[in-house]
Number of protein chains: 2
Amino acid sequence: MLQHSAGPSSTGLAPVTTDDLGSAELLFKALASERRLQILAWLKDPVANFPPQQHGDPTKHGACNLFIVEKLGVSQPAASRHLKVLVDAGLVIPTRRKGWTYYRRNEDALSALADVVGSI
Amino acid sequence: MLQHSAGPSSTGLAPVTTDDLGSAELLFKALASERRLQILAWLKDPVANFPPQQHGDPTKHGACNLFIVEKLGVSQPAASRHLKVLVDAGLVIPTRRKGWTYYRRNEDALSALADVVGSI
DNA sequence: TAGTTAGATAACATTCTTGCTATGTTGCAG
DNA sequence: CTGCAACATAGCAAGAATGTTATCTAACTA
């Protein structure tokens, strides 16, 4: 079971109720940032968008935090907080392995977004 | 910040390019507020959600500003600014008639949201 | 013309967001 | 154990968001 920080639920999937304005707001807030949208776009294809990783499978666990930091062009803590926003919204899944942390898209949550938008 | 100044277009339809992170950010910012989501939800059915209007056709032009202000429970200027954010994002269309202003959903723009979300 | 009403704008305070630097914390290497 | 690398957290400053009250403008009405 993939478990991490203080996500809204222990399943890693955002508990989206299509008529719950509060959780919809949380999702939209996470998306309301060009940097975070950029991260999500990059994570669509980690292999193409990031340097080759020696240590983790990009297609399986996602891109290494370091690469995201570097490509974002902001300080490491700033990037870290952006990633936390995405993780807290359930849109991205972190994996800690050895000394590194990998991030990948949560395609289930991203698909569920369509329902949320459809309910607006 | 991006350019936008006047309303995105005189047609009332947002110029959404699905791969433009900037305009997607603008849309999500507009949606990243429980109050504004609430307004959009109410405007789905103006007749059901607002008192009867003597002066404008709710189904045609939307709900009167006054009713939205009152139902939101915030001051008139605060509600006015929320509505402006929605209008600027192209999600809501204002109609000025006589002394009143009516607001209705821009269903075209709201439908286009699905594409934006699908492109994330 | 004067008064009233709808609604936008101005000015301001408070809170949230986002950037930074500095410092913890954790795990691997020597 | 000691040092280093990866990354999270703390603390702070600047800008944006959101609320307020006060004011301005436009249109209707007496």
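Chain identifiers are assigned alphabetically (A, B, ...) following the order of the sequence lines, protein sequences preceding nucleic acid strands; residue numbering begins at 1 within each chain. Only this structure's heavy atoms are used, side chains among them; waters, hydrogens and symmetry mates stay out.
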- Task: Pick base, sugar-phosphate or nothing for A:Ala78, based on heavy-atom distances below 4.0 Å to the nucleic acid.
- Result: sugar-phosphate

- Message: Side chain of A:Gln76 only, heavy atoms from C-beta on: which candidate in D:dC7, D:dA22, D:dG19 is closest?
- Response: D:dC7

- Note on the structure: Closest to the 5' end of DNA chain C, once B:Tyr102 and A:Arg36 are matched to their nearest nucleotides, is B:Tyr102

- Any side-chain N or O of B:Arg35 under 4.0 Å from OP1/OP2 of D:dG19? yes

- Looking only at side-chain atoms of A:Thr101, point me to the closest of C:dT9, C:dT18, D:dA8. D:dA8

- Please give, in whole Å, the distance from C:dT17 P to A:Lys84 NZ? 13 Å

- Would you mind reading off the distance between A:Glu34 atom CD and D:dA16 atom P, rounded to a whole angstrom? 15 Å

- Message: Does B:Tyr103 reach a base, just sugar-phosphate, or nothing at all? Heavy atoms under 4.0 Å.
- Response: sugar-phosphate

- Would you mind reporting whether B:Val87 and B:Asn106 have side-chain heavy atoms less than 4.5 Å apart? no

- Message: Let's see if you can work this out: which of D:dA6, C:dG7, D:dT20 has an atom nearest to the side-chain heavy atoms of B:Asn65?
- Response: C:dG7

- Rounded to the nearest 0.5 Å, what separation is found between the OH atom of B:Tyr103 and the OG1 atom of B:Thr95? 9.5 Å

- Message: I want to check a possible cation-pi pair here: A:Lys29 against B:Phe28, using under 6.0 Å from ring centre and within 45° of the ring axis as the test.
- Response: no

- Query: D:dA8, D:dC7, D:dG19: which one has an atom nearest the side-chain heavy atoms of B:Val74?
  - Reply: D:dG19

- Can you check the B:Lys29 NZ to C:dC16 P distance for me, whole Å? 16 Å

- Task: Could you please name the option among C:dA8, C:dC20, D:dC7 that lies closest to any side-chain atom of A:Trp100?
- Result: D:dC7

- Are A:His82 and C:dT17 close enough that a side-chain N or O sits under 4.0 Å from OP1 or OP2? no

- Of the listed C:dC28, D:dT18, C:dT21, the closest approach to the B:Arg81 side chain comes from D:dT18

- Note on the structure: In whole angstroms, the gap separating P of C:dT25 from CZ of A:Arg96 amounts to 16 Å

- Between P of C:dA6 and CZ of B:Phe67, the distance in whole Å: 10 Å

- Can you label the angle between the B:Phe67 ring and the B:Phe50 ring as parallel, tilted or perpendicular, going by 30° and 60°? parallel

- Task: Using whole Å, report how far CD1 of B:Ile68 lies from P of C:dA6.
- Result: 14 Å

- Task: Report, as yes or no, whether the 6.0 Å neighbourhood of atom CD on A:Glu70 holds more than 12 heavy atoms from other residues, nucleotides or ligands.
- Result: no

- Query: Which listed nucleotide (C:dG7, C:dT21, D:dG19) is nearest to the side chain of A:Ser75?
  - Reply: C:dT21

- Query: Between A:Lys98 (NZ) and D:dA5 (P), how many Å, whole number?
  - Reply: 17 Å

- Rounded off to whole Å, could you give me the CD-to-P distance for the B:Glu70 and C:dT5 pair? 15 Å

